[in-house]
Number of protein chains: 2
Amino acid sequence: MSAHVFIAEDEASIISLLKYNLEKEGYKVSHSENGEDALKQIKSKQPDLILMDWMLPELSGVEICKNLKKDNKFNDIPVIMLTAKGEEEDKLKAFDTGADDYVTKPFSQKELNARIKSLLRRSKPQSSSDIVEFTDLKIDRITKRVYRKDKEITLGPTEFKLLDFFIKNPKRVYSREQLLNNVWGEDIYVESRTVDVHIRRLRQAINIQNTKPLIRTVRSAGYSLES
Amino acid sequence: MSAHVFIAEDEASIISLLKYNLEKEGYKVSHSENGEDALKQIKSKQPDLILMDWMLPELSGVEICKNLKKDNKFNDIPVIMLTAKGEEEDKLKAFDTGADDYVTKPFSQKELNARIKSLLRRSKPQSSSDIVEFTDLKIDRITKRVYRKDKEITLGPTEFKLLDFFIKNPKRVYSREQLLNNVWGEDIYVESRTVDVHIRRLRQAINIQNTKPLIRTVRSAGYSLES
DNA sequence: CCCCCTTTTTAATCATTTGTTAACTGAGGA
DNA sequence: TCCTCAGTTAACAAATGATTAAAAAGGGGG
């Protein structure tokens with residue numbers, strides 16, 4: 001899944017240059033040429049990184065930045081300021097408003113790419129480290145939510161743990177015994193038929209709109225998660 | 001609590017310059033003049049940020065950086081590379097090894113400070129601003145006031161701390177245990193059911209004029225703040 | 001020292017989940 | 001083809017966990 005870079009810049013020539021280069025790098029790119037609109041778009045689209053011109057019509061880059069950094073929902077989005085003058089004072093002001101980096105125009109595309117890569121690397125892992133995906137299934141261990149085809153699915157605690165366990169080793173077949181030990185716990189005794197019941201409930205829950213059934217039964221062996 | 005900056009640099013004059021300036025900024029500073037020793041010290045001291053010379057005796061800065069970025073325990077420590085030549089190739093290589101920023105010698109102390117501040121801000125999530133917003137909720141840590149939809153809400157001290165904690169990591173699910181540790185304090189023992197009661201009061205307080213309930217219950221896991 | 005406010009505990013109630021049972025289904029070997 | 005065995009399914013009772021209200025316990029400030 002590629003990162004989404006948002007450009008807030010009013011010079012058309014720079015926009016197209018940036019867009020061309022960033023898309024070549026594999027990023028999803030969108031932009032706005034006006035401060036007020038930029039802020040609105042950023043809040044709705046929640047990009048992974050923002051390239052922002054220092055000066056913008058309607059609402060300056062500084063203002064947008066301050067605004068974003070106030071809101072918990074957006075203050076994690078890294079901002080790179082594009083500043084025309086290479087003056088020290090401006091750089092410092094940029095950092096003060098909460099920008100994470102700045103680049104002075106004219107800038108080297110290679111260096112900009114490197115800085116973007118660095119900031120993305122820095123912000124991605126903490127937020128996504130506990131999100132695991134398997135085909136069209138996504139499970140978030142932090143928020144305890146499960147999605148299939150981007151639609152949320154609600155599971156009971158046991159079904160959640162069961163799926164969580166399966167997704168750690170997709171395609172591997174587990175016996176009821178193993179499932180009991182790993183999902184229920186070593187020392188808890190329940191009937192092995194109980195596993196069947198929970199498998200069924202899990203199947204029902206993740207079986208949204210005639211998609212492939214993801215859980216395979218292996219006769220006289222156990223179950224596995226399949227693509 | 002001030003941040004701890006580690007300097008890996010072999011030129012004595014630069015070390016003393018940096019040390020003087022950084023300590024004036026209020027950082028705790030330590031250093032090493034040799035690569036191998038630097039790596040050892042970093043691993044034992046776990047500084048909050050590293051200033052690293054590109055070239056170092058025994059083990060080059062690049063090597064140290066690669067080594068750190070491999071290890072989960074240390075790859076979150078931001079690294080600023082100090083490079084002698086201002087050549088493009090070096091900058092790019094620095095980023096490739098996992099450095100988070102670079103500064104070319106001779107450098108402006110003011111700019112270096114700004115960059116340090118920026119990186120530290122990024123890695124220390126808690127050091128956020130005094131006014132935080134989350135959707136239509138606003139909390140002012142200075143005046144200890146809370147607003148929903150711009151209408152003021154009155155909370156008891158515990159409810160305030162609870163909400164303040166939740167808003168630092170929205171959507172994340174916290175167990176009662178975690179809430180007790182973070183809101184009440186590590187060594188205070190109260191029944192975990194007590195959390196429920198405060199959750200309830202917080203819910204009641206922020207539930208103004210049929211708006212969405214912002215606190216989600218995750219059965220057998222805990223609670224989270226949702227949009 | 002007492003009053004008021006907040007916090008904590010307790011316990012009843014409510015809601016959801018879980019495990020069990022037993023009947024049913026279907027695959028595959030004799 | 002039929003029989004058997006393993007897996008599926010539905011229904012239900014028990015247990016687990018969350019909500020709620022109300023009482024008890026603290027803890028300053030007047």
Side-chain angles (χ1 to χ4, degrees), chain A residues 139 143-146 152-166 172-207 210 212-226, chain B residues 144-146 152-166 173-207 212-226:
Chain A
I139 160 172
T143 63
K144 308 271 182 200
R145 285 177 192 277
V146 178
E152 185 174 352
I153 278 166
T154 42
L155 297 179
T158 307
E159 281 78 58
F160 185 91
K161 277 185 276 179
L162 192 57
L163 179 60
D164 191 16
F165 179 69
F166 269 124
R172 172 170 176 165
V173 177
Y174 292 100
S175 68
R176 285 160 239 272
E177 211 63 18
Q178 289 176 302
L179 291 172
L180 285 173
N181 280 335
N182 286 287
V183 176
W184 275 257
E186 298 279 353
D187 35 31
I188 289 169
Y189 181 70
V190 288
E191 288 293 322
S192 74
R193 292 281 116 216
T194 301
V195 176
D196 301 25
V197 176
H198 284 279
I199 287 285
R200 157 131 219 281
R201 296 213 257 252
L202 180 54
R203 271 175 172 156
Q204 274 184 325
I206 66 176
N207 189 28
N210 69 307
K212 261 178 282 176
L214 292 180
I215 292 172
R216 178 167 73 114
T217 303
V218 182
R219 203 180 164 86
S220 76
Y223 298 96
S224 69
L225 185 64
E226 301 282 327
Chain B
K144 307 274 180 201
R145 282 171 197 276
V146 178
E152 186 174 351
I153 277 165
T154 42
L155 297 179
T158 308
E159 282 78 58
F160 183 88
K161 275 185 279 178
L162 192 57
L163 180 60
D164 190 18
F165 179 68
F166 269 125
V173 176
Y174 291 101
S175 68
R176 285 159 239 271
E177 214 67 11
Q178 290 176 301
L179 292 171
L180 285 173
N181 281 335
N182 287 286
V183 177
W184 275 257
E186 298 278 352
D187 35 31
I188 289 170
Y189 181 69
V190 289
E191 287 294 322
S192 72
R193 291 280 123 215
T194 301
V195 176
D196 301 25
V197 177
H198 286 278
I199 287 286
R200 161 138 214 277
R201 291 212 266 262
L202 180 54
R203 270 177 173 155
Q204 278 182 323
I206 66 177
N207 189 27
K212 260 179 281 176
L214 292 180
I215 292 172
R216 175 169 76 121
T217 304
V218 181
R219 186 173 239 254
S220 80
Y223 298 97
S224 68
L225 184 65
E226 299 285 326

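Labels below follow one simple rule: chain letters A, B, ... track the order of the sequence lines, proteins then strands, and each chain is numbered from 1. These numbers come from the heavy atoms of this one structure, side chains and all, not from hydrogens, waters or symmetry mates.
- In terms of modelled atom types and a separation under 3.5 Å, the side chain of B/R203 and the main chain of B/I215 share a donor-acceptor contact.
- In this structure, B/R216 and A/T143 have side chains that are in contact, with non-hydrogen atoms separated by less than 4.5 Å.
- A close approach under 4.0 Å does not occur between any side-chain nitrogen or oxygen of A/R203 and OP1 or OP2 of D/dT9.
- Spacing between atom CD of A/E159 and atom P of C/dT17 amounts to 8 Å, rounded to whole angstrom units.
- Between B/T158 and C/dT7 there is a side-chain polar atom (N or O) within less than 4.0 angstrom of OP1 or OP2.
- Between B/L180 and B/E191, the shortest heavy-atom contact is CD1-O, 4.4 Å.
- Within 4.0 Å (heavy atoms only), A/T217 reaches sugar-phosphate atoms of the nucleic acid but no base atom.
- Summarising the geometry of B/A205 relative to B/T154, their closest heavy-atom pair is CB-O, 4.2 Å, with the distance given to 0.1 Å.
- Remark: C1' of C/dT7 and CG of B/L180 are 13 Å apart, rounded to the nearest angstrom.
- Among the heavy atoms of the strands lying under 4.0 Å from B/Y223 are primed sugar atoms or P, OP1, OP2 only; no base atom is included.
- For the pair B/D196 CG and D/dT16 P, the computed distance is 17 Å after rounding to whole Å.
- Whole-Å rounding puts the B/H198 NE2 to D/dA21 P distance at 16 Å.
- Here C/dT8 presents its C1' atom at 15 Å from CD1 of B/I199, a figure rounded to the nearest Å.
- The shortest distance between the side-chain N/O atoms of B/R219 and the OP1/OP2 oxygens of D/dG17 is not below 4.0 Å.
- Comparing B/G222 and B/R200 along DNA chain D, the residue whose closest nucleotide (by nearest heavy atom) sits nearer the 5' end is B/G222.
- OP1 or OP2 of C/dT7 has not a single side-chain nitrogen or oxygen of B/W184 nearer than 4.0 Å.
- Put simply, the side chain of A/Q204 never gets that close to the backbone of A/R201: no donor and acceptor are under 3.5 Å apart.
- Residue A/T194 is in base contact, counting any heavy-atom pair closer than 4.0 Å across all strands shown.
- Between A/L155 atom CG and C/dT16 atom C1' there is a gap of 14 Å when expressed in whole angstrom units.
- Looking at heavy-atom distances under 4.0 Å, B/Q204 makes no contact with the nucleic acid at all.
- Taking atom NZ of residue A/K161 and atom C1' of nucleotide C/dT18, one finds them 11 Å apart after rounding to whole Å.
- Between B/R193 and D/dA18 there is a side-chain polar atom (N or O) within less than 4.0 angstrom of OP1 or OP2.
- Residue-to-nucleotide contacts include no donor-acceptor pair under 3.5 Å from the side chain of A/R176 to the base of D/dG7.
- Taking atom CD of B/E191 as the reference point, atom P of C/dA11 lies 11 Å away to the nearest angstrom.
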